[in-house]
Q: 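A single structure is presented below for examination.
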Amino acid sequence: MKVTILTVGKLKEKYLRDAVAEYSKRLSRYCKLEILEVADEKVPENAGPAAEEAIRQKEGERLMKYIRSDAYVITLEIGGAMLDSVEFSRKVEQLGVQGKSHLIFVIGGSIGLGKEILDRSDYALSFSRMTFPHQLMRVILLEQIYRGFRIAEGAPYHK
């Protein structure tokens, strides 16, 4: 299975880059992992709804360039389905059984995802109703993907 993490913005902090590198190494025995970053737009402090939508659209156009038609797209959204780790593991495993060989997880920028990306999404996933920094979300997502593969193989994991 190929797993792509498609995200807006670069990781700036070394500790986050180190965590991503560690989970990338761990995941290498379970899947072909690819992490793609697109440039983020500066969001003015006083940006109104129209300006924010224009920013989401620009970032969305950049993201769409990497979304293949045969990929299964999972967007990270506050309003998405909330799964526990076992349910998430089963979801990924089930997608593989259904022949979905390429999963793309999309993490938006600081003001979320644009309509074009949301419309293309095959599944909306939420980790919480709380808002997390999108850079930290990358690490959390990778950890959960790793945990999901471990659960699927029956390996021990922390509950």
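Position 1 is the first residue of the sequence, and the numbers go up from there.
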Q: Just how far is it from atom CD1 of I78 to atom OG of S128, taken to the nearest 0.5 Å?
A: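 One finds 8.0 Å between CD1 of I78 and OG of S128.
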
Q: What's the separation between atom CZ in F88 and atom CZ in F127, rounded to the nearest 0.5 Å?
A: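 The CZ atom of F88 sits 5.5 Å away from the CZ atom of F127.
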
Q: Go through R56 and I111 one step at a time and tell me if the side-chain contact (heavy atoms from CB on, under 4.5 Å) criterion holds.
A: CA-CA 7 Å; R56 283 191 291 270; I111 58 171; 3.9 Å; yes

Q: Taking a hydrophobic cluster as the set of Ile, Leu, Val, Met, Phe, Trp and Tyr residues connected by side-chain heavy atoms closer than 4.5 Å, whether directly or through intermediates, do L103 and I151 fall within one such cluster?
A: no

Q: To the nearest 0.5 Å, how far apart are CZ in R17 and OH in Y15?
A: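 Nearest 0.5 Å value for the CZ-OH distance: 11.0 Å.
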
Q: Count the heavy atoms of every other residue, nucleotide or ligand shown that sit under 6.0 Å from OH of Y66, and state whether that count exceeds 12.
A: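 Result for OH/Y66: open.
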
Q: Are F105 and L33 co-members of a hydrophobic cluster defined by side-chain heavy atoms under 4.5 Å apart?
A: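 Yes: a chain of side-chain contacts under 4.5 Å links L33 to F105.
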
Q: Whether the T4 and E34 side chains hold a donor-acceptor pair (N or O, under 3.5 Å, no angle test) is what I'd like checked.
A: yes

Q: Going by heavy atoms in the side chains, are Q98 and Y72 under 4.5 Å from each other?
A: no

Q: Show the nearest heavy-atom pair for residues A47 and V43, with the distance to one decimal.
A: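 Of all heavy-atom pairs spanning A47 and V43, the closest is CB-CG1, 4.3 Å.
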
Q: For the residue pair M1 and G96, what are the closest heavy atoms and their distance?
A: CE-CA, 3.6 Å

Q: Is any NZ, NE, NH1 or NH2 atom of the basic residue among R120 and D122 found under 4.0 Å from an Asp or Glu carboxylate oxygen of the other?
A: yes

Q: Would R147 and E143 satisfy salt bridge (Lys or Arg N to Asp or Glu O under 4.0 Å), going step by step from the backbone distance to the final call?
A: CA-CA 6 Å; R147 183 182 297 260; E143 190 280 333; 2.8 Å; yes

Q: Evaluate the side-chain proximity of M64 to E59: yes if any heavy-atom separation is below 4.5 Å, no if none is.
A: no

Q: Is there a path of hydrophobic side-chain contacts, each under 4.5 Å between heavy atoms of I, L, V, M, F, W or Y residues, that connects V38 with L113?
A: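 The answer is yes; both residues are in one hydrophobic cluster.
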
Q: So, do V106 and T7 sit near enough that their side-chain heavy atoms are less than 4.5 Å apart?
A: no

Q: First locate atom NZ of K32, then atom OG of S101, and finally report the distance between them rounded to the nearest 0.5 Å.
A: 12.0 Å

Q: Please round to the nearest 0.5 Å and tell me the distance separating atom OG of S85 and atom CD1 of I145.
A: 12.0 Å

Q: If you measure from CD1 on I67 to CD on E116, what distance do you get to the nearest 0.5 Å?
A: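 Between atom CD1 of I67 and atom CD of E116 there are 8.5 Å.
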
Q: So, R26 and E22, do they make that salt bridge, N to O below 4.0 Å?
A: yes

Q: Would the distance check show the side chain of Q135 and the main-chain N or O of K10 forming a donor-acceptor pair, the cut-off being under 3.5 Å?
A: yes

Q: I need the minimum non-hydrogen distance between L27 and Y146, along with the two atoms involved.
A: CD2-CA, 3.6 Å

Q: Work out which heavy atom in V3 is nearest to a heavy atom in C31; give both atom names and the distance.
A: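 What the structure gives for the nearest pair is CG2-SG, 3.9 Å.
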
Q: Strictly below 4.0 Å, N to O, side chains only: are R62 and E41 in salt-bridge contact?
A: yes

Q: What I'd like to find out is whether the side chain of I35 reaches to under 4.5 Å of the side chain of L6, using heavy atoms alone.
A: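 Of all side-chain heavy-atom pairs linking L6 with I35, none is under 4.5 Å.
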
Q: Locate the shortest heavy-atom distance separating A152 from S89; write the atom from each residue and the value.
A: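 Scanning both residues completely, I find the closest heavy atoms to be N-OG, 3.4 Å.
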
Q: Verify whether one side chain among E153 and Y30 offers a donor that lies under 3.5 Å from an acceptor in the other.
A: yes

Q: Same cluster for L76 and L63 if Ile/Leu/Val/Met/Phe/Trp/Tyr side chains link at under 4.5 Å?
A: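 In one cluster: no.
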
Q: Hey, is R90 close enough to E87 for a salt bridge, meaning N to O under 4.0 Å?
A: no

Q: If you look at every heavy atom in G109 and V8, which pair is closest and at what distance?
A: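 In terms of heavy atoms, the two residues are closest at N-CB, 3.6 Å.
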
Q: Do L11 and R138 come within less than 4.5 Å of each other through their side chains, counting heavy atoms only?
A: yes

Q: Tell me whether L125 is reachable from I5 by hopping between hydrophobic residues (I, L, V, M, F, W, Y) whose side-chain heavy atoms are closer than 4.5 Å.
A: yes

Q: Carefully, step by step, assess M82 and S126 under the rule side-chain contact (heavy atoms from CB on, under 4.5 Å).
A: CA-CA 5 Å; M82 282 194 239; S126 175; 3.9 Å; yes

Q: Can any side-chain N or O of S121 pair as donor or acceptor with the backbone N or O of Y123 at less than 3.5 Å?
A: yes

Q: Assess whether atom NZ of K91 is packed by more than 12 heavy atoms of other residues, nucleotides or ligands within 6.0 Å.
A: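 Atom NZ in K91 is crowded, with more than 12 foreign heavy atoms closer than 6.0 Å.
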
